[in-house]
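Remember, predicted model here, so these are calculated numbers, not experimental data.
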Amino acid sequence: NEWFQRRSLPPLKGTPRQVESAVRIRTQLLAGAWAILSAAGWEENEFLIGVETYARQVLTAKWWIEHSSIAAHDLSDALQRAALVETGEA
């Protein structure tokens, strides 16, 4: 989707192999979540607040790899929890 391809996400942290896999997984998860949630009526702003904001804070490649099969409707909650851990607020 053209909208998603315009997104500029921060680099991930991990080994080169982890980062390569995680970037692909992150892109697939976020693009898939956007497709499903926008079809369910989510507006772009809701996605930015509920998903993308937290995705930008989860920079550990390992997290994305470990959550590669998460369902779109679970992604927001999982990202929120992970973002709290990564920012030291958990």
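Leu37 is not listed as a side-chain neighbour of Leu75, based on a closest heavy-atom distance of 4.5 Å or more. Side-chain contact between Pro16 and Glu20 is absent, with no heavy atoms from C-beta onward closer than 4.5 Å. Residues Val85 and Trp63 are not in side-chain contact: their nearest non-hydrogen atoms beyond the backbone lie 4.5 Å or more apart.
Taken to the nearest 0.5 Å, the CD atom of Glu86 stands 3.0 Å off from the OG1 atom of Thr60. The structure places CZ of Arg81 at 9.5 Å from OG of Ser76, a figure rounded to the nearest 0.5 Å. Taking CG from Leu48 and OH from Tyr54, the interatomic distance works out to 12.5 Å, rounded to the nearest 0.5 Å. The structure places CG of Leu30 at 11.5 Å from CD1 of Ile25, a figure rounded to the nearest 0.5 Å.
Pro10 approaches Leu59 most closely through the heavy-atom pair CG-CD2, 3.6 Å. Of all the heavy atoms in Leu12 and Val19, the pair that sits closest is O-CG2, 3.7 Å. Smallest separation of non-hydrogen atoms from Trp64 and Val58: NE1-O, 2.9 Å. In terms of heavy atoms, Leu29 sits closest to Ser68 at CD2-O, 3.6 Å. For the residue pair Ala61 and Gly14, the shortest heavy atom distance occurs at CB-CA, 4.5 Å. Shortest non-hydrogen contact noted between Ala72 and Ala33 is CB-CA, 3.8 Å.
Note on Glu52 versus Arg56: salt bridge recorded, some NZ/NE/NH1/NH2 to OD/OE distance being below 4.0 Å.
Around CD of Glu66, the count of heavy atoms belonging to other residues, nucleotides or ligands within 6.0 Å exceeds 12.
Hydrophobic clustering (ILVMFWY, side-chain heavy atoms < 4.5 Å, transitive): Leu9 and Val23 are in one cluster.
A donor and an acceptor atom, one from each side chain of Gln57 and Thr53, are nowhere located under 3.5 Å apart.
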Please lay out, stage by stage, how Glu44 and Trp34 fare under the test side-chain contact (heavy atoms from CB on, under 4.5 Å).
CA-CA 9 Å; Glu44 182 176 339; Trp34 168 246; 4.1 Å; yes
